[in-house]
Every structure is written in C-alpha cells, then in structure tokens.
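Report on the following structure.
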Amino acid sequence: TAGQALHGLASGFTLPEMSALYLSRNLREAVAGTPFQRDLTNAFGRLEKMLSPRMRQFLDRLPSVLAAKPGPRARGASSSPDVVARLLEATLHFRVTTMTYHSVSSKRVKEYEIHPYRLAFAQGGLYLLAYVPEYKSVRTFAIDRISAVTLEKQTFTPRQEIGDEVFANSLGVNTGPAQRVEIDFSADVAPYVRARVWHASQDVRENGDGGIRLTMNVCHDWALRSWILGWGPFAHVVSPAPLARTI
C-alpha cells in the first residue's frame, strides 16, 4: 500500500501529511500574479531538495491520485514585490504611508495618506485594509491597483479594530456593516444550499415543502446580490424589502 511504501523513509512524513503538502503546492496557482507565487515556488523547491529520492518520487506521483482546482484569481495585473514589501513594513511598524491608487469606482488615480492595518488574500486577489484619515474609516484597496508606496517618518496608533477575520461580514471582499437577510430556496436546490456553510452567521430552517429558508447577517453588497442571482428562479428574497426589489 501507499502507507507501506512510505514506511522507513528518512523524512518521516505520513501519507496524509504528504497529501497535504502536495495540495498546498496549488497555492502557487491560487496566488498567481502576486509576489508570493515566486516565494512559494522557491520555498517548495528548497523543501523538496530536503526530501529523500523516494519521497520526491512519491510526491511527483500524487497528481495522478489527488487533484485540486484553484479558484478564481486576478487576471492581467500583478502586484509589485516592492509595493508589497513596503506595505508589510508599514503594517508591522505602524508607519504612516502615502500611496498612489487607481480607483475603479471613481475612475481616477488618487494620492492617499493611509494607516496600513493588514494585508489579506481573498478570492484570488491581494488586498490592503487601511484606515484613511480623510474618510475616518477603514477602506479596502486592491494591491494590484497600487502603483507607488512611500513610507513617511511618522507613525500611527490604530484607531479602529478590524477583528481577526477579514471581510467577516461579506460573502466577498467588503468591510461594510452586517444586515439580516432571509432567502427562501426551492426544493430543487435545497440539498445544495444545505450542504455548504456560506457564512458563519447562517441559520437554515425547513419550509415544510422540501424547500428551506436561509438567514444570514451579511453586507448587502454586490457579492451577496450576485450570489443570490446565481440561483436563478430557485431563490426568493423574503427580507429586507429593498434587497428583494433590487433582486
């Protein structure tokens, strides 16, 4: 068996550990377009050199028995390693930062003074959560739209908590407030909806006709609306009324 084949190898990895190691190599695809893709490739290259020849041979065979598909990722743009490095330094040392950013919503390039709080990888993209004194709130910026970063001499004291889980109130990439939403799903799709945890706040109840009602406390953002629309006529928004009218 595969477990017996691993017995006595110098590395001491178990079969599940080796499988996990192989699956983690797919992170290189998931973070394509970011500086971390190169870093992960180099790290795995060094790690594989430490393995015995038999262990490397086994690792190379895993794709034939264990597969993984990367999710959606950024296309046509990449994050500068220098930009990411400066943002990491600013975040670690609480440095006030000036950045040049191309805003999709306003369709213009703008200079921002920011207090960088955290870098986050989500839905195939790398994002920066930063407090913007001009707006007196934490905003989310796509790092591949940042063209320049300058660290200022002054430091900052964080003014707003963002919690341990980033984008906790959103099905996508958003830091807005959570609101209650109720959605009825017909019996045709109820098994598929019931089989997944879509959000930590969700509550699922049977409707009595084979359908279910899903309740969540989430941002009423584009991620939520597109998710609902993806279910087509099998989903019906019960509340709130403004969201129901939009759908």
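Source: prediction; values computed, not measured.
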Problem set entry | E111 and T98: side chain donor to acceptor below 3.5 Å | no
For this session: Please check if atom NZ in K107 has more than 12 non-hydrogen atoms from other residues, nucleotides or ligands closer than 6.0 Å.
Result: no
Problem set entry | Heavy-atom side-chain contact between H220 and P242 under 4.5 Å | no
Exercise. If you group Ile, Leu, Val, Met, Phe, Trp and Tyr whenever their side-chain heavy atoms sit less than 4.5 Å apart, what else falls in with I183?
Worked result: L171, V181, F185, V189, Y192, V193, W198, V204, I212, L214, M216, V218, L224, W227, I228, L229, W231, F234, V237, L243, I247
For this session: Under the side-chain contact (heavy atoms from CB on, under 4.5 Å) rule, what do Q202 and R196 come out as? Steps first, then yes or no, please.
Result: CA-CA 10 Å; Q202 75 181 43; R196 295 286 186 271; over 6 Å; no
Problem set entry | Side-chain touch F156/Y131, heavy atoms, less than 4.5 angstrom | no
Seminar exercise, completed: Rounded to the nearest 0.5 angstrom, the CZ-CD distance for R95 and Q154 is 8.5 Å
Problem set entry | Close side-chain approach of R139 to E134, heavy-atom, < 4.5 Å | no
Problem set entry | F167 versus A122, closest heavy-atom pair with distance | CE1-CB, 3.8 Å
Exercise. If we only count heavy atoms from C-beta on, is the T100 to V109 side-chain gap below 4.5 Å?
Worked result: yes
Problem set entry | Smallest separation among heavy atoms of A190 and G210, with atom names | CB-O, 3.5 Å
Exercise. Can you tell me how far OG1 of T215 sits from CZ of R205, rounded to the nearest 0.5 angstrom?
Worked result: 6.5 Å
Exercise. Taking atom CG of L119 and atom CD1 of I143, what is their separation to the nearest 0.5 Å?
Worked result: 4.0 Å
Seminar exercise, completed: Closest non-hydrogen atoms of G211 and D209, given as atom of the first, atom of the second and distance, are N-OD1, 3.0 Å
Exercise. About how many Å separate NE2 of H102 and OG of S147, when rounded to the nearest 0.5 Å?
Worked result: 9.5 Å
Exercise. Side chains of M99 and T150: does their closest heavy-atom pair fall under 4.5 Å?
Worked result: no
For this session: Decide yes or no for E113 and P133: does some side-chain heavy atom of the first lie under 4.5 Å from some side-chain heavy atom of the second?
Result: yes
Exercise. What are the two closest non-hydrogen atoms of N217 and S201, and how far apart are they?
Worked result: N-OG, 2.9 Å
Seminar exercise, completed: Correct closest heavy-atom pair for C219 and G176 would be SG-O, 3.0 Å
Exercise. Do the side chains of Y101 and K110 get nearer than 4.5 Å, heavy atoms only?
Worked result: no
